[in-house]
Amino acid sequence: MSVVLVLAAPAAAHASVQSVAADAYDLTAGRLVGTVAALVSLAGVVIGGLALARSRSASRIGNGKRRAVVSLVAGLTGMVIGALNLAVADGGLGTGNGVAGGAIALVLGLVATVLGRLALIRSARTGRATDGADHERALQ
């Protein structure tokens with residue numbers, strides 16, 4: 001009888017170590033981190049879109065550069081947090097590890113980074129074109 005218990009003990013220990021999938025509405029630590037990363041990346045996309053739309057206005061050059069930099073930082077931050085969340089996730093979708101949020105954060109972070117970079121390039125171009133000192137030096 002003791003031989004049967006000894007043979008069954010490793011199987012029971014292994015079953016107790018396995019992770020259990022979280023319920024659909026439970027907010028686990030992984031889901032919270034994935035959601036925060038996705039929201040940071042989404043904020044970067046919105047700010048990058050605003051910076052890109054307003055970068056042509058000569059009166060808002062400072063705001064365009066500031067928004068572009070914020071979009072770049074938010075996009076990169078969301079991508080890093082999302083990638084770290086995906087790297088430490090134990091299971092797939094529906095396990096409560098925030099895999100969906102991490103993947104969404106990666107995609108939105110990439111979009112935010114591209115939008116921020118485009119807005120930064122455009123604001124630099126419009127900043128040089130409106131600078132009067134360079135034109136005066138060229139004429140003299």
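Keep in mind that this is a model prediction, so the values were computed, not measured.
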Compare all side-chain heavy atoms of Val69 with those of Leu120 and state whether any distance is below 4.5 angstrom.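 Yes, close enough: below the 4.5 Å cut-off.
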Side chains of Leu118 and Arg122: closer than 4.5 Å at any heavy-atom pair?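 Contact flag for Leu118/Arg122 side chains = no.
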If you look at every heavy atom in [X] and [Y], which pair is closest and at what distance?
X: Ile104; Y: Ala38; result: CG2-CB, 4.1 Å
X: Ala112; Y: Gly44; result: CB-C, 3.4 Å
X: Ala119; Y: Gly48; result: CB-O, 4.5 Å
X: Ala105; Y: Ser41; result: O-OG, 3.1 Å

Looking at Val33, Val80, Leu32, Val36, which hits side-chain contact (heavy atoms from CB on, under 4.5 Å) with Asn85? Val33
Residue among Thr113, Val46, Val40, Leu42 satisfying side-chain contact (heavy atoms from CB on, under 4.5 Å) with Leu108: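 Only one option passes, and that is Leu42.
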Say you draw a straight line from CG of Leu86 to CD1 of Ile81; how long is it, rounded to the nearest 0.5 Å? 12.0 Å
Would you compute the distance between atom CZ of Arg31 and atom OG1 of Thr35 and round it to the nearest 0.5 angstrom?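 These two atoms lie 8.5 Å from each other.
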Flag yes if Leu106 and Ile47 sit in one hydrophobic cluster, no otherwise; membership is Ile, Leu, Val, Met, Phe, Trp, Tyr, and two members link when side-chain heavy atoms are under 4.5 Å apart. no
If hydrophobic clusters are built from ILVMFWY residues whose side chains come within less than 4.5 Å, do Val114 and Val111 share one?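 In one cluster: yes.
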Could you tell me whether the side chain of Ser71 and the main chain of Arg67 form a donor-acceptor pair under 3.5 Å?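 The answer is no, because no donor-acceptor pair under 3.5 Å joins these two groups.
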